[in-house]
Amino acid sequence: MVFGVILAGGVGSRMGNVEKPKQFLKIGGKPILIHTVEKFLMHDSFQELIVLTPTEWIEHTKNLLKKYLGEAGSTVKVLKGGSTRNETIMNSIAYIEEKYGLDDDTLIVTHDSVRPFLTYRIIEENIKYGLQYGACDTVIPATDTIVHSEDGKVITSVPDRSKMYQGQTPQTFGAKKLKELYQSLTEEEKEILTDASKIFVIKGEQVYLVEGEVYNTKITYPYDLRVAESLLNDQKNGK
């Protein structure tokens, strides 16, 4: 069984003084979240789609799904997110385990709600390599030189750019394995997590790379909203 897990638990603090989390802001006349969910609904491999959002936005999310997606929106499960990204993912796994059970072939395709430009191909390859390898992460080669600094003041090292990649999402995992690895982490290990792939890396497990796209961008800052509007206009005009 394959599940789509859309992470909409953020509050969008870097977006500035806005009245709602960034996933609910509109581009192209629709909330960003809706654009993202639509991409997952185009794929027929999912047993169920799950959206995780702050408690106070659950009803709002359900209403948006019904308003913009109709009957298809009513099939999407909306759950409470956790206090961290990985706790949010664990909430989705707990729901899946309770409703369907977990086995070695249960796969979750996790994705940022504010990356609305993912493609069918990216989802397809995440499912393919997730089933084959047990864990995969969507990335693009780094185009800028990466500078490493231990103290934030002076350069410690400059890694070989040809070996550097920028992480995107989806990130796809065997749900049972991810749960087991997460529960085996110490509190100190949990504190250094940035995403779920790092759980596998910390525990010495391999994570396969899936080729992303430059335009599979994350909407984080006000400037990103303008870029997203431009990308949507280009898509509408066939550019």
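What you are looking at is a predicted structure, and each value in this text was computed from that prediction instead of being measured.
For the residue pair E150 and T156, no side-chain donor N or O sits within less than 3.5 Å of a side-chain acceptor on the partner. Side-chain atoms of Y182 and E87 form a donor-acceptor pair, as typed in the model, at a separation below 3.5 Å. For T169 and H111, the side-chain atoms include at least one donor-acceptor pair closer than 3.5 Å. For the residue pair N86 / T84, no side-chain donor-acceptor distance below 3.5 Å is found, with atom types taken as modelled.
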(request) Could you check D112 against K22 for salt bridge (charged side-chain N to carboxylate O under 4.0 Å, His left out), going step by step and ending with a plain yes or no? (result) CA-CA 11 Å; D112 297 325; K22 58 189 176 182; over 6 Å; no

(request) Please step through side chain to side chain donor-acceptor pair (under 3.5 Å) for the pair S149 and D151, ending with a clear verdict. (result) CA-CA 6 Å; S149 174; D151 61 6; 3.3 Å; yes

(message) Before you tell me yes or no, could you show the steps for E124 and K128 under salt bridge (charged side-chain N to carboxylate O under 4.0 Å, His left out), namely the whole-Å CA-CA distance, both residues' side-chain angles and the distance that decides it to 0.1 Å?
(response) CA-CA 6 Å; E124 182 78 9; K128 175 182 176 181; over 6 Å; no

(request) Give the C-alpha distance, both sets of side-chain angles, the deciding distance and a yes or no for side chain to side chain contact (heavy atoms under 4.5 Å, CB included) between D137 and V210. (result) CA-CA 6 Å; D137 194 354; V210 172; over 6 Å; no

(message) Apply side chain to side chain contact (heavy atoms under 4.5 Å, CB included) to residues V5 and V109 and explain how you reach the verdict.
(response) CA-CA 6 Å; V5 176; V109 181; over 6 Å; no

(request) Evaluate the criterion side chain to side chain contact (heavy atoms under 4.5 Å, CB included) for residue pair L225 and I32; output intermediate values, then yes/no. (result) CA-CA 10 Å; L225 286 172; I32 297 168; 3.9 Å; yes

(request) Would you sort out whether R226 and E229 count as a salt bridge (charged side-chain N to carboxylate O under 4.0 Å, His left out), showing the intermediate values? (result) CA-CA 5 Å; R226 297 192 291 272; E229 288 283 1; over 6 Å; no

(message) Pair Y165, I140 - check side chain to side chain contact (heavy atoms under 4.5 Å, CB included), show working.
(response) CA-CA 6 Å; Y165 295 83; I140 58 173; over 6 Å; no

(message) Show, in sequence, the C-alpha distance, side-chain angles and deciding distance for F46 and F3, and conclude whether the ring pair (Phe, Tyr, Trp, His ring centres under 6.0 Å) test is met.
(response) CA-CA 5 Å; F46 295 110; F3 298 86; 8.7 Å; no

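Two residues are said to be in side-chain contact when any heavy atoms from C-beta on lie closer than 4.5 Å; F40 and I6 meet this criterion. No side-chain heavy atom of V76 sits under 4.5 Å from any side-chain heavy atom of K62. Side-chain contact between H35 and I27 is present, with at least one heavy-atom pair separated by less than 4.5 Å. Side-chain contact between K203 and E189 is present, with heavy atoms from C-beta onward closer than 4.5 Å. Between T138 and I122 the shortest side-chain heavy-atom distance falls below 4.5 Å. Using a 4.5 Å cut-off on side-chain heavy atoms (C-beta onward), L65 and V37 make contact. Residues V214 and N216 have side chains not in contact (no heavy-atom distance under 4.5 Å, counting atoms from C-beta outward). Between T186 and E191, the closest side-chain pair of non-hydrogen atoms is not below 4.5 Å.
Between atom CD1 of residue I202 and atom OG of residue S197 there is a gap of 11.0 Å, rounded to the nearest 0.5 Å. Of the inter-residue distances, the one linking I108 atom CD1 with S92 atom OG reads 4.5 Å to the nearest 0.5 angstrom. In this structure, Q171 CD and L178 CG are separated by 10.0 Å, a value rounded to the nearest 0.5 Å. Taking CD1 from I219 and CG from L25, the interatomic distance works out to 8.5 Å, rounded to the nearest 0.5 Å. The structure places OG1 of T61 at 10.0 Å from CD of E56, a figure rounded to the nearest 0.5 Å.
Shown here for Q23 and S113, the closest heavy-atom pair between the two residues is CB-OG, 3.4 Å. In plain terms, the two heavy atoms of N91 and G82 that are nearest each other are ND2-N, 3.6 Å.
Within 6.0 Å of NZ in K30 there are more than 12 heavy atoms belonging to other residues, nucleotides or ligands. More than 12 heavy atoms of other shown residues, nucleotides or ligands fall within 6.0 angstrom of atom CD in Q132.
I34 and I123 fall within the same hydrophobic cluster, where Ile, Leu, Val, Met, Phe, Trp and Tyr residues are linked whenever their side-chain heavy atoms come under 4.5 Å apart, directly or through other members. Residues L52 and W57 are members of separate hydrophobic clusters, defined by side-chain heavy-atom contacts under 4.5 angstrom among Ile, Leu, Val, Met, Phe, Trp and Tyr. In the hydrophobic clustering of ILVMFWY residues, with side-chain heavy atoms under 4.5 Å counting as a link, M1 and L107 come out apart. Linking ILVMFWY side-chain heavy atoms closer than 4.5 Å, directly or via other members, places M42 and I50 in two distinct hydrophobic clusters. Placement of V201 and I192 within a single hydrophobic cluster is found when ILVMFWY residues are connected by side-chain heavy-atom separations under 4.5 Å, directly or transitively.
Without hydrogens or angle criteria, R161 side chain to D144 main chain gives no donor-acceptor distance under 3.5 Å. Looking only at distances, no side-chain donor or acceptor of T36 sits under 3.5 Å from a matching main-chain atom of V114. Judged purely by atom type and a 3.5 angstrom limit, K39 uses its side chain to pair as donor or acceptor with the backbone of P116. Between the T106 side chain and the L102 main chain, no donor and acceptor come within less than 3.5 Å of each other. Remark: the backbone N or O of L118 is not paired with any side-chain donor or acceptor of E213 at under 3.5 angstrom. Of the possible donor and acceptor atoms, none in the side chain of E211 sits under 3.5 Å from a partner among the backbone N and O of V139. A donor-acceptor contact shorter than 3.5 Å links the side chain of D195 to the backbone of K198.
Between F173 and F200, the ring planes are parallel. Angles under 30° get that label, and only those over 60° would be called perpendicular. Below 30°, between 30° and 60°, or above 60°: for Y95 and Y100 the angle between ring planes is above 60°, a perpendicular geometry.
Remark: K66 does not engage E71 in a salt bridge, criterion side-chain N to carboxylate O under 4.0 Å. A salt bridge links K176 with D104: the closest approach of a Lys/Arg side-chain nitrogen to an acidic carboxylate oxygen falls below 4.0 angstrom.
Only one option out of L79, N63, T53 pairs with I58 in a side-chain contact (heavy atoms from CB on, under 4.5 Å); it is T53.
Between Y208 and Y129, the distance from one ring center to the other falls under 6.0 angstrom.
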